[in-house]
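These notes are about the structure you will find just below.
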Amino acid sequence: QQQVKQSPQSLIVQKGGISIINCAYENTAFDYFPWYQQFPGKGPALLIAIRPDVSEKKEGRFTISFNKSAKQFSLHIMDSQPGDSATYFCAANGGTYKYIFGTGTRLKVLA
Amino acid sequence: NAGVTQTPKFQVLKTGQSMTLQCAQDMNHEYMSWYRQDPGMGLRLIHYSVGAGITDQGEVPNGYNVSRSTTEDFPLRLLSAAPSQTSVYFCASSYQGPNTEAFFGQGTRLTVV
């Protein structure tokens, strides 16, 4: 019940295309869902986060869609750029200090 | 502004050796944590601390010890290194309370031979 399942494991997208990464959870106590972006040799950095009282949050080219009834949330990267090539992690937190991370998606955007 | 600083960046240990991974933050964050990152397994929580003098176990605590004597520092000790502890280790800190942004260090790549 503590797992966050992330897919796909890897993703290749053409420049200008839309990248979509999906996550699913089971624990209904989770109430904070961040996405982290990690470049090679670096630590993860917060990209965007959502709480379950909204169904969508947009920041620039990055959008989180949240489906509370399905217990799923996804990251959409519009107009994907080669600079977006990185590993993306979804995570969940239920009001404790313990983040549960997904297994990561390695995104490659072709120029 | 240094943020979260981890040392060393790379380390090779022999099986059975002990060592300490250092983590320091200059943001006056109360909460600090250690994760390990393995291929296909994401980030798994090893230990965490909600303030000086307070620590608790995460998902994969076996073989690791932590202490928190100051707000700034949160070292991770490997007691007797094993090949299964070969991984990339990340320290993170965040401001008071859960559901706040976690700031990560740049990681320590540890190889146990």
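Convention: sequence-line order gives letters A, B, ...; per-chain numbering from 1. Predicted model only: the values in this text are computed from it and were never measured.
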Please determine whether residues [X] and [Y] belong to a single hydrophobic cluster, defined as Ile, Leu, Val, Met, Phe, Trp and Tyr linked transitively by side-chain heavy-atom distances below 4.5 Å.
| X | Y | result |
| --- | --- | --- |
| B:F90 | B:V66 | no |
| A:I77 | A:F66 | yes |
| A:V54 | A:F73 | yes |
| A:L11 | A:V4 | yes |
| A:I100 | A:I21 | yes |

**OP:** Select one option (side chain, backbone, both, neither) describing which atoms of B:A102 are under 4.5 Å from chain A's heavy atoms.
**Re:**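 Both parts, backbone and side chain.
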
**OP:** Measure B:Q6 against the heavy atoms of chain A and call it side chain, backbone, both or neither at under 4.5 Å.
**Re:**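 Neither; nothing under 4.5 Å.
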
Subject >> Check against ring-ring contact (aromatic ring centres under 6.0 Å, His included), A:Y99 and B:Y35 >> reply: CA-CA 10 Å; A:Y99 283 90; B:Y35 291 86; 7.6 Å; no

Original post:
Under a 4.5 Å heavy-atom cut-off, does chain B meet the side chain of A:Y36, its backbone, both or neither?
Top reply: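 Just the side chain, heavy atoms under 4.5 Å.
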
Subject >> Proximity breakdown for A:P34 and chain B, heavy-atom pairs closer than 4.5 Å >> reply: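 For A:P34, neither part sits under 4.5 Å from chain B.
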
Subject >> Atom pair OG/CG of B:S94 and A:L46 - distance to nearest 0.5 Å >> reply: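 It comes to 11.0 Å.
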
Subject >> Euclidean distance, B:T100 OG1 relative to A:Y32 OH, rounded to 0.5 Å >> reply: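 The OH atom of A:Y32 sits 7.0 Å away from the OG1 atom of B:T100.
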
Less than 3.5 Å apart, which donor and acceptor atoms pair up between the side chains of residues 103-111 of chain A and the rest of the protein, not counting sequence neighbours?
| residue | atom | partner | partner atom | Å |
| --- | --- | --- | --- | --- |
| A:T105 | OG1 | A:Q6 | NE2 | 3.0 |
| A:T105 | OG1 | A:P8 | O | 2.5 |

Subject >> B:Q37 versus A:F89, closest heavy-atom pair with distance >> reply: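 Scanning both residues completely, I find the closest heavy atoms to be NE2-CZ, 3.0 Å.
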
